[in-house]
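Step one of this worksheet: look at the structure below.
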Amino acid sequence: MNITLDWLGCATFRLTIDETVIFLDAYMDRVPSAPSVGLATADVDRADFILVGHSHFDHLAGAEVIAAKTGARVIGSNETARILAAHGVPRGQLLRSQGGERHRLAPDVTVRVFPSVHSCTWVSGSLASNEPAFGHYGLCEEERAQVGGLLREIGRASDSESQQSRELREHLASAVGSRDTGGPLVYLIETPAGSIFWQDTSGCWTGVLRDLRPDVAILAAAGRGNIDGEPIQGSLAQFVAKEAELLRPRTIVLGHHDNWMPPVTPAEGTDTAPIKEAIDRALPGVTLIEPGYLAGTPLLA
Ligand SMILES: [Zn+2]
C-alpha cells in the first residue's frame with residue numbers, strides 16, 4: 001500500500017492512498033502575502049474526497065472549487081454542507097456528518113468521524129504563541145463574548161492601512177466560509193497498513209482521543225488549546241503534548257503552524273521547538289515530522 005502525505009499550508013493536507021486522493025481541508029488560496037504552498041485549487045485535477053474539519057474560511061475555502069472541478073465528495077458538518085450547497089456544490093456530493101459516521105473512501109479504506117471542539121478563539125491572545133496562559137476558566141458563552149480574543153486581534157490587523165492589512169480585509173470579505181465553526185470534527189482514516197488521525201484546530205475531547213490509538217496523528221498547533229471545552233491552563237506546546245499522550249501514535253505530523261494569515265501570523269510561523277520538546281517528553285521515541293509544502297512524505301511504509 002502506497003500512502004503519501006503532502007502539506008498544503010495551514011491545516012490542509014493531501015493524502016494519497018494508492019489511487020485514492022483525499023484532501024484534508026481545502027485552504028490553499030490564501031492572502032497574497034502568505035507564502036505560496038505550490039498548488040492552487042484551480043490546478044487540482046484529481047480528488048475523490050475532501051474531509052473538512054470545520055467551517056471557518058481557513059479550512060473550508062477552496063472545497064467549492066475542488067468539488068466542482070473533480071466531482072469529489074465532501075465530508076463535513078451540516079454548516080459546511082450548507083455553505084458548499086449555497087456555492088453550487090451538488091447535494092449528492094455532500095456527506096453531512098456530525099460524529100459517529102463511518103464512510104468508505106476506497107474498497108479497503110474507511111474514515112470514522114468524531115465530534116471535537118475548536119481552539120479557544122475567545123481568549124487567544126496570539127495564534128502562534130507558545131507562552132503559557134492561565135485563567136478564562138468556567139466562562140459562559142455571554143462572558144466569552146466579552147473577552148474578544150482572537151477576533152479582536154484579526155479586526156485590529158485588518159483595520160490598519162498597510163498593504164498586508166488591505167489584502168487581509170479583502171480576503172476575509174471574499175473567502176468562502178462561516179463565522180461559526182459548524183461543530184468541529186476529527187477523523188480517523190483506517191487502512192490495512194494502519195490508521196491516520198487528523199484534526200484541524202487545537203481542541204479535543206479527551207474521552208474521544210484516548211481510545212483511538214492511531215498509528216499517525218496529524219495535530220493542529222495554533223492558538224489556545226481547548227481541552228474538554230475549557231482553555232488549557234498552560235502553553236500550546238503542553239496542549240499538543242497532552243494530545244500526543246492521549247493518542248500514543250508512532251508518528252506525529254504538525255499542522256496550522258505556518259504563516260497562513262499575515263499580518264496576524266508571524267512571518268516565521270510558530271516556533272515549533274517548544275512543541276517538539278514537550279512531545280518528546282510526553283511520548284519518548286515518537287517520530288515527529290515537519291514536512292515542507294508538497295514534500296510527498298511516505299506514511300505507514
Ligand atoms: Zn477555525
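First listed ligand is number 1; within each ligand, the first listed atom is number 1.
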Quick test of your reading of the model: are [X] and [Y] salt-bridged, counting only N-O distances below 4.0 Å?
{"X": "Lys276", "Y": "Glu290", "value": "yes"}
{"X": "Glu161", "Y": "Arg169", "value": "yes"}
{"X": "Glu245", "Y": "Lys242", "value": "no"}

Parallel, tilted or perpendicular: ring planes of Phe57 versus Trp260, cut at 30 and 60 degrees: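 Ring orientation, 0 to 90° scale: tilted.
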Protein N, O or S within less than 2.8 Å of the Zn ion (ligand 1), waters excluded: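 Protein N, O or S atoms closer than 2.8 Å to the Zn ion (ligand 1): His54 NE2, His56 ND1, His118 NE2.
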Inter-residue atom distance Arg46.CZ - Lys69.NZ, 0.5 Å rounding: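 Answer rounded to 0.5 Å: 13.5 Å.
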For Ala34, side chain to side chain contact (heavy atoms under 4.5 Å, CB included) partners two or more places apart: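 Per chain and number, Ala34 pairs via side chain to side chain contact (heavy atoms under 4.5 Å, CB included) with Arg30, Val31, Pro262.
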